[in-house]
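Quick note: numbers below take in every heavy atom, side chains included, and nothing from hydrogens, waters or symmetry partners. Counting convention: from 1, in listed order, for ligands and their atoms alike.
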Amino acid sequence: MMDLALKLETTSTIPLHKQLYEEIRQAILSGRLESGQRMPSTRALAKTLGLSRATVLFSYDQLLSEGYLQTIPASGTFVACQLPDALLQATSPPISPASPSCIELSTYGAALATVNLPPPPGQKPLINFSCYGRPAFDEFPIQIWRRLLSRARCSSTAILDYPADPLGYKPLREAIARYLTQSRAVRCEPSQVAIVNGSQQALDLIARLFLNRGDRVVMEDPGYTEARYIFQVQGAELLAVPVDRSGLVMEQLSALTTPVKLVYVTPSHQFPTGAVLSLPRRLALLAWAQQTGTIILEDDYDSEFRYDERPIPALQGLTNSDSVIYIGTFSKVMFPSLRMGYLVIPQQLISVVARAKWLVDRQSPLLEQHALADFINEGHLESHIRRMRILYAQRRRTLVQALTQHLGNRVTIIGENAGMNALVKFHTDQNDEEIIAQAEQKGVELISARSCYMNAEYGNGKFLLGCTDLNSEAIQEGVWHLAQILKA
Ligand SMILES: Cc1ncc(COP(=O)(O)O)c(C=O)c1O
């Protein structure tokens with residue numbers, strides 16, 4: 001082995017046992033170690049290379065399990081006489097794939113390139129207003145969640161199996177149906193609740209199931225960019241209908257002369273303006289959808305957080321018809337990495353949604369579904385929401401007060417006293433990039449609201465300020481910096 005010149009680098013980040021494994025494997029594949037050749041004992045090799053015996057044992061075990069080495073009882077360890085074919089072929093150059101530029105993407109794949117997905121997070125800023133809608137993670141009852149997860153883990157081996165029903169764990173669907181009936185006035189049976197991996201998957205499934213290329217989709221303008229992208233890459237033609245202080249402007253919707261397949265709305269807390277769709281408009285929208293045979297997709301993403309008044313009941317609960325598909329998420333009331341959301345679907349669509357969910361990913365993770373059912377049924381969700389409603393109201397108040405105090409008439413705050421972010425318009429001649437860059441220098445991160453607008457120019461000077469995961473000092477300091485940056 002000495003003259004095999006095994007190259008091991010003690011300063012490398014690759015563990016030594018991995019390096020040793022790779023060196024011996026390469027020596028076998030290149031023929032420097034011949035088949036049938038005796039290998040030194042682990043003790044001897046460890047001594048020669050100045051390694052611990054455990055390190056060598058680890059590498060040998062791996063090589064043995066992959067068939068590069070074999071042991072002969074009472075004799076020792078040898079290079080395998082017959083190496084697995086596939087492994088030998090690894091030395092020959094792989095069949096070269098077509099260069100990426102020659103691989104033709106589908107229309108869906110190509111359309112993906114046209115949307116601006118968020119960049120990966122960079123360095124953590126000191127004060128981050130850009131994560132609008134991010135819950136206060138340090139307030140989440142993580143100990144309770146851990147306990148429920150571990151209880152679910154120990155429940156039964158059935159939790160490891162493929163699902164009984166792709167639409168989700170029955171007790172969770174029942175718990176959500178109860179919660180929605182009581183808290184959101186949604187009309188539903190547990191069988192109509194489909195558990196999905198966040199609202200994003202709900203939107204994706206609905207787009208696949210109901211939209212063909214060229215179908216028209218009405219979007220609130222401004223609206224939720226991530227929903228727009230889903231419809232866009234699905235090949236839908238997007239029609240923008242403006243939003244005012246009472247939500248979607250119904251006269252403009254009714255004035256459309258072309259047939260519409262689907263209308264996406266956030267009626268209880270319009271994203272991003274915060275407007276609430278008024279009752280007359282809700283009724284008008286439902287009537288229009290029924291007359292025209294249009295699907296209403298109601299995204300009820302953060303309506304638990306209203307601070308002045310009682311929650312606004314869901315649009316879905318105002319109708320007996322099948323025109324509304326309702327989407328909810330646990331990203332806001334719990335935490336987004338949970339990737340747990342739900343759809344409430346009309347009875348006639350249950351089977352097709354179940355088939356779609358099965359084909360896409362079988363089912364959402366069962367362990368989390370068990371824990372979540374317990375989290376709701378034991379009252380933890382309700383008490384967490386109650387606590388967060390008080391905290392977020394305080395933080396939003398602090399943000400509004402700080403903006404008013406430090407920026408005065410250089411800012412307009414748009415929207416109701418609700419939700420997890422505020423849409424603001426800064427009155428200044430500076431352009432958005434300048435403001436963002438200068439804020440960054442002060443350790444403050446901002447996000448422009450331009451991408452929410454179909455015509456991005458309408459979003460000039462507008463920013464989404466998230467405040468729910470910032471304490472009062474951070475909010476005040478952040479706004480103070482903004483006041484120094486923004487020139488009247
Ligand atoms: C309008 C809207 N819907 C839904 C969501 C949540 O998405 P998800 O459930 O995929 O985390 C967000 C998040 O910011 C949102 O703004």
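Nearest-heavy-atom check against atom 8 (P) of ligand 1 across Ser337, Gly328, Ser331 picks out Ser331.
Backbone and side-chain nitrogen or oxygen atoms of Ser199 are examined, and one is located within less than 3.5 angstrom of a nitrogen or oxygen of ligand 1.
Residue Tyr264 approaches ligand 1 through these ligand atoms, each under 4.0 Å from one of its heavy atoms: 1 (C). Of all the atoms in ligand 1, the ones that sit under 4.0 Å from a non-hydrogen atom of Phe271 are 1 (C), 16 (O). Which parts of ligand 1 touch Arg339 is read off a 4.0 Å heavy-atom cut-off, strictly below it: atoms 8 (P), 10 (O), 11 (O). Ligand 1 places these atoms under 4.0 Å from at least one heavy atom of Thr329: 8 (P), 9 (O). Those atoms of ligand 1 that come under 4.0 Å of a heavy atom in Gln200, given as number and element, are 10 (O).
Ring geometry for Tyr132 versus Phe271: interplanar angle of 30 to 60°, hence tilted.
With hydrogens left out, the protein atom closest to atom 13 (C) of ligand 1 is Lys332 NZ, 3.0 Å, a heavy atom. The shortest contact between atom 1 (C) of ligand 1 and any protein heavy atom is with Tyr224 CG, 3.4 Å. Here the protein heavy atom with the shortest distance to atom 3 (N) of ligand 1 is Asp299 OD2, 2.7 Å.
We find that Glu237 and Arg228 are not joined by a salt bridge, their nearest charged nitrogen and carboxylate oxygen being 4.0 Å or further apart.
The backbone N or O of Pro267 sits less than 3.5 Å from a side-chain atom of Arg282, completing a donor-acceptor pair.
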